[in-house]
Amino acid sequence: MLILQNDRHREHAGRHEMYRGRLVECVEVPERAELVLGELHRRGFARVERPAVRADMTVVESVHDLRYLAFLRQAWDHWIALDSANASFDILPSVWPNQGLRRDAPTQNFSAQVGRYAFDAGSPITRGTWDACLAGAASAIEAARRVASGSERGALVVTRPPGHHAGRDFFGGYCFLNNAALAAQTLRDAGHARVAILDVDYHHGNGTQSIFYRRADVLTVSIHGDPATEYPFYLGYADERGEGEGEGFNLNRPLPKGTAFDAWRRELDIALEAVARFGASALVVALGVDAYKADPISGFLLDSADFTTIGSLIASARLPTVFVLEGGYAVAEMGINVANVAEGFSLAG
Ligand code: Q9C
Ligand code: ZN
């Protein structure tokens with residue numbers, strides 16, 4: 001299995017996120033990617049590449065909105081222009097165009113723009129956020145190209161910040177650019193007529209779902225904590241099946257907090273059956289490992305060994321597969337859990 005590593009991830013290092021009325025330390029930290037890479041190295045995954053840091057903007061601009069991209073690219077400069085003392089703080093929103101306010105209002109105010117594009121107050125933009133995201137996008141696109149050409153059966157993109165909560169023109173859930181969507185679009189552009197995205201992160205991949213909700217060429221399937229009690233709360237219910245041409249091409253399998261692997265695994269069988277029925281010729285896995293029992297912000301009960309099983313069950317789909325790192329916050333164990341998926345996938349032949 002080919003590993004693609006994004007070295008610029010470190011440039012995105014948020015200081016604080018809003019939680020229960022105060023600013024707390026970010027849980028989505030640079031150490032996460034380092035732990036994954038360290039563990040992959042220890043396990044003997046030797047084919048590690050560092051792709052170019054500039055993503056193909058044609059792909060990025062086909063998945064994301066141009067004005068949103070311009071906002072992200074310039075956000076830090078605008079923040080510093082407001083007050084040079086802002087360099088000591090991260091950008092977080094404090095006002096949102098909800099409840100009948102105009103999301104399309106032609107406001108020039110920076111704070112208003114942040115609130116228009118953000119859907120939570122937990123995803124700080126820092127000085128290096130844009131560079132880190134763009135390099136992550138480049139890795140995801142490169143992984144998809146290698147898998148699309150048939151030169152690799154599987155590739156794993158070790159990157160952060162994660163992507164699956166980011167939509168065409170919004171960020172949140174620690175995500176800014178949707179790497180899994182970029183990989184799927186790249187596979188489509190390379191000639192794969194039907195591409196499936198399987199999201200196994202604990203949290204529903206609302207951004208990915210929304211990007212492909214009206215499309216029949218990309219199936220989105222997600223197994224996640226029930227949004228009735230779990231983040232991101234406002235999307236991820238079982239009755240969301242797609243719209244228009246996309247009707248029938250989104251599948252949500254919400255599970256209650258406290259679910260253990262026997263029940264989780266049955267959902268994976270259902271998800272993989274849907275991928276097979278769809279006739280996908282390539283697969284993108286949004287690989288969050290926050291379903292792990294000791295994850296500090298999640299509620300499933302998977303053991304580290306279960307992630308090896310997940311890797312081999314995904315391999316049994318026999319599809320060219322791009323894995324993209326998403327969540328996972330029990331930092332010490334997350335490297336082991338990601339490497340277990342990679343090993344399970346690789347050893348299944
Ligand atoms: N203090 C991903 O796993 N915050 N994002 C929850 C924790 C949002 C998770 C509150 C969790 C987002 C990619
Ligand atoms: Zn997650």
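In listed order, ligands and their atoms are each counted from 1. What you see is a predicted model, and the numbers here were worked out from it, not measured in a lab.
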Below 4.0 angstrom from a heavy atom of P162, which ligand 1 atoms are there? Numbered from 1 as shown, please.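 With P162 as reference, the close atoms of ligand 1 come out as 13 (C).
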
Which residue and heavy atom of the protein sit nearest [atom], plus the separation:
atom                   : answer
atom 1 (N) of ligand 1 : Y19 CD1, 3.2 Å
atom 6 (C) of ligand 1 : Y174 OH, 4.1 Å
atom 5 (N) of ligand 1 : G173 O, 3.0 Å

Below the 3.5 angstrom mark, is there an N/O of [X], backbone or side chain, next to an N/O of ligand 1?
X    : value
D290 : yes
C175 : no
H165 : yes
H203 : yes

Looking only at side chains, do S304 and N337 share a donor and an acceptor under 3.5 Å apart?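 A donor-acceptor contact under 3.5 Å links the two side chains.
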
Short side-chain donor-acceptor distance under 3.5 Å, Y174 and E17: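 Y174 and E17 do have a side-chain donor-acceptor pair below 3.5 Å.
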
What angle, in degrees and rounded to 10°, do you get at the Zn ion (ligand 2) when you join it to OD2 of D201 and to ND1 of H203?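 Answer comes to 160°, rounded to 10°.
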
Determine whether the side chain, the backbone, both or neither of [X] has a heavy atom under 4.0 Å from any heavy atom of ligand 1.
X    : value
Y329 : side chain
V27  : neither
V24  : neither
E28  : neither

Is the [atom1] atom of [X] crowded by more than 12 outside heavy atoms at less than 6.0 Å?
X    : atom1 : result
F233 : CZ    : yes
R127 : CZ    : no
R67  : CZ    : no

Geometric class of the W264/F261 ring pair [parallel <30°, tilted 30-60°, perpendicular >60°]: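 The rings of F261 and W264 lie parallel, inter-plane angle below 30°.
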
Parallel, tilted or perpendicular: which one describes the rings of F71 and F171, with boundaries at 30° and 60°?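 Parallel: the ring planes of F71 and F171 meet at under 30°.
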
Proximity of [X] and [Y] rings by center, below 6.0 Å:
X    : Y    : result
F323 : F345 : yes
H204 : Y231 : no
Y117 : F170 : no

Give a yes or no on whether H164 keeps an N, O or S atom under 2.8 Å from the Zn ion (ligand 2).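 Checking the Zn ion (ligand 2) against H164, no N, O or S atom falls under 2.8 Å.
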
D290 N/O/S atom closer than 2.8 Å to the Zn ion (ligand 2):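 Looking at D290, which is the residue asked about, there is an N, O or S atom under 2.8 Å from the Zn ion (ligand 2).
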
